[in-house]
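The chains referred to below are lettered A, B, ... by the order of the sequence lines, with proteins before strands, and numbering in each begins at 1.
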Amino acid sequence: MIEIKGLAKSYGERRVLKNVDLSVQAGEFLVVLGPSGAGKSTLLRCVNGLIPLDRGEIVIDGRTVRTAELGRREARRPTAMIFQHHNLVKRLSVLKNVLVGRMPGMSSLLALLQIFPAADVEQAMACLRRVELEHKAQVRGDQISGGEQQRVGIARALAQEPAVILADEPVASLDPKTARTVLGYLKRICKDTGIAVICNLHQVDYAVEFGERIVGLSDGAVVFDGAPERLSAEIVHRIYPGLEDPGIARVLRFQGGRQGAADIALAARA
Amino acid sequence: MSMTRHTFLMNPPRGRLGWGTTWLWGIGAAIFLAWSAEGAQISLHNLASGIPYMWDFLTRMLPPNWAFIERLWGPALESLQVAVWGTILGVALALPVCFFAARNLSPHPVVFQAMRQILNAMRGINEIILALIFVAAIGLGPFAGVLALAVHGAGMLGKFFAEAIEDIDEGPLEAFRSAGVGRFKMILFGVLPQVLPAWLGTIFYRLETNVRQATVLGMVGAGGIGFELVSSMKLFKYQDTAMCILVILALVLLADLFSSRVRAMIR
């Protein structure tokens, strides 16, 4: 279980995160929903340690890995990140991009000679198999499609053997069809391996479809934490203040909604 | 052709003076150029009266002494060898410095500034002056030329290497950091693959420049074909001089061709 306790972060005068409490179970797919600038990205980066936190602590399986004073490199291992722009090294092979997840602890000298421990290479291949890209292992990162690049991003995170995968808008720059495929892989990995996933999204429909639990973040504070079925149009408007979309209820599973999820699936197929 | 109406379309410079600014700059530039011409003693008259002597010099050079090429092979190849090793040592000197001279990888702004200034100083001293210093320090010969090219070249290579590093996509580096990968492996797999094409282009451009420089280093006793050039002139053997110039021209053109081919291949 991953617990985020009393997390606060400011950039100068601007308080980006105000005392955020959040927890996610092993194997749980948690979606963080919120408008741009709500602090979603900062939240994930603070949990990983890319950004030092001002206050609060991150506890993973009962062990505190990060408090306000701590940002050690080794402490990042249990938290793996997936980025909006996948952040692959384009001129490096797919396999080496996945090996990045296993690089801490590898010998620098052998790495310089391009020699890697066989066990790590095998594990990287196994991670590629999970996203069904084994056959692209030797292809260069810029020679595969955008969806495939993000799947490599997932494999790289998986190679880190983390307790939690932090996905920061992983499908924001993908087309709807590719986006669903990528989220599908991510969710299946979450279920199969028991790795918790915290996934930032700004599309309400994906959140309702893939999220097992939804956390609404608005202006640096949690304004909703519950099952997708409890997400009502009124709550969506609280997460996105000023949203003018009378049709938002269509994508919700909330019982008060005019249409159920099944209807939407049918509409999508038509 | 029919007469059409035209309109002058250009915004006056910003600021209170408007076009006055343009006039001020124009007058200032004219004064500066006149002052420079005065100092440089630019004179059409001198150029015109010098033409017969230039013609005289040219006729004494012709025809080139083709037989002299026998004596030039050795020094010409030496120039090439000096250029190659000057480039390699220049790269070796620039490599460890360039990561600290790149704003995005430098551990501290002070380190960044210090490294940039060191590179500026290395680049600021002309190769010939460096060659004079190294000839004085380690004696006459091509190795002094190699060191001169290495030091000056490292200043240029280091700056260009660092600028290539500053231009990379930093997203992948974020991925390395988020996974807890150390600095060395991050540079090895995150930075180097990204800068390699730009670096190779710079190195081959430097090699081309070094070949050109190596052909004149001999003038100050730092090896290569430049020595033959100067001594043939001192002995008034202008037909030998012409041959030297032709060989130098051939070397420089070949280096240019080779370097542009390789750089086109990398892209």
Within a reach of under 6.0 Å around [atom1] of [X], are more than 12 heavy atoms found that belong to other residues, nucleotides or ligands?
X: B:Tyr205; atom1: OH; result: no
X: A:Lys90; atom1: NZ; result: no
X: A:Phe210; atom1: CZ; result: yes
X: A:Tyr206; atom1: OH; result: yes
X: B:Trp199; atom1: CH2; result: yes
X: B:Phe100; atom1: CZ; result: no

Hey, which of A:Asn87, A:Leu50, A:Asn48 has the most heavy atom pairs under 4.5 Å with chain B? A:Asn87
Between chain A and each of B:Ser178, B:Gly190, B:Gly182, count heavy-atom pairs under 4.5 Å; write down the option with the most. B:Ser178
Pair count under 4.5 Å, heavy atoms only, with chain A: among B:Lys185, B:Arg177, B:Glu170, highest is B:Lys185
Contacting region of [X] [heavy-atom separation from chain B under 4.5 Å]:
X: A:Gln114; result: side chain
X: A:Ala111; result: both
X: A:Leu112; result: both

Is any side-chain heavy atom of B:Phe189 closer than 4.5 Å to a side-chain heavy atom of A:Val89? no
Please tell me if the side chains of B:Pro197 and A:Arg91 come closer than 4.5 Å, counting only heavy atoms from C-beta onward. yes
Here's a test for you: under side-chain contact (heavy atoms from CB on, under 4.5 Å), which of A:Met106, A:Arg102, A:Met103, A:Gln160 qualifies with B:Val181? A:Met103
B:Ala179 and A:Pro104 have their tightest heavy-atom pair at O-CG, 3.2 Å
Which atoms of B:Phe184 come close to chain A, meaning under 4.5 Å heavy atom to heavy atom: side chain ones, backbone ones, both, or neither? side chain
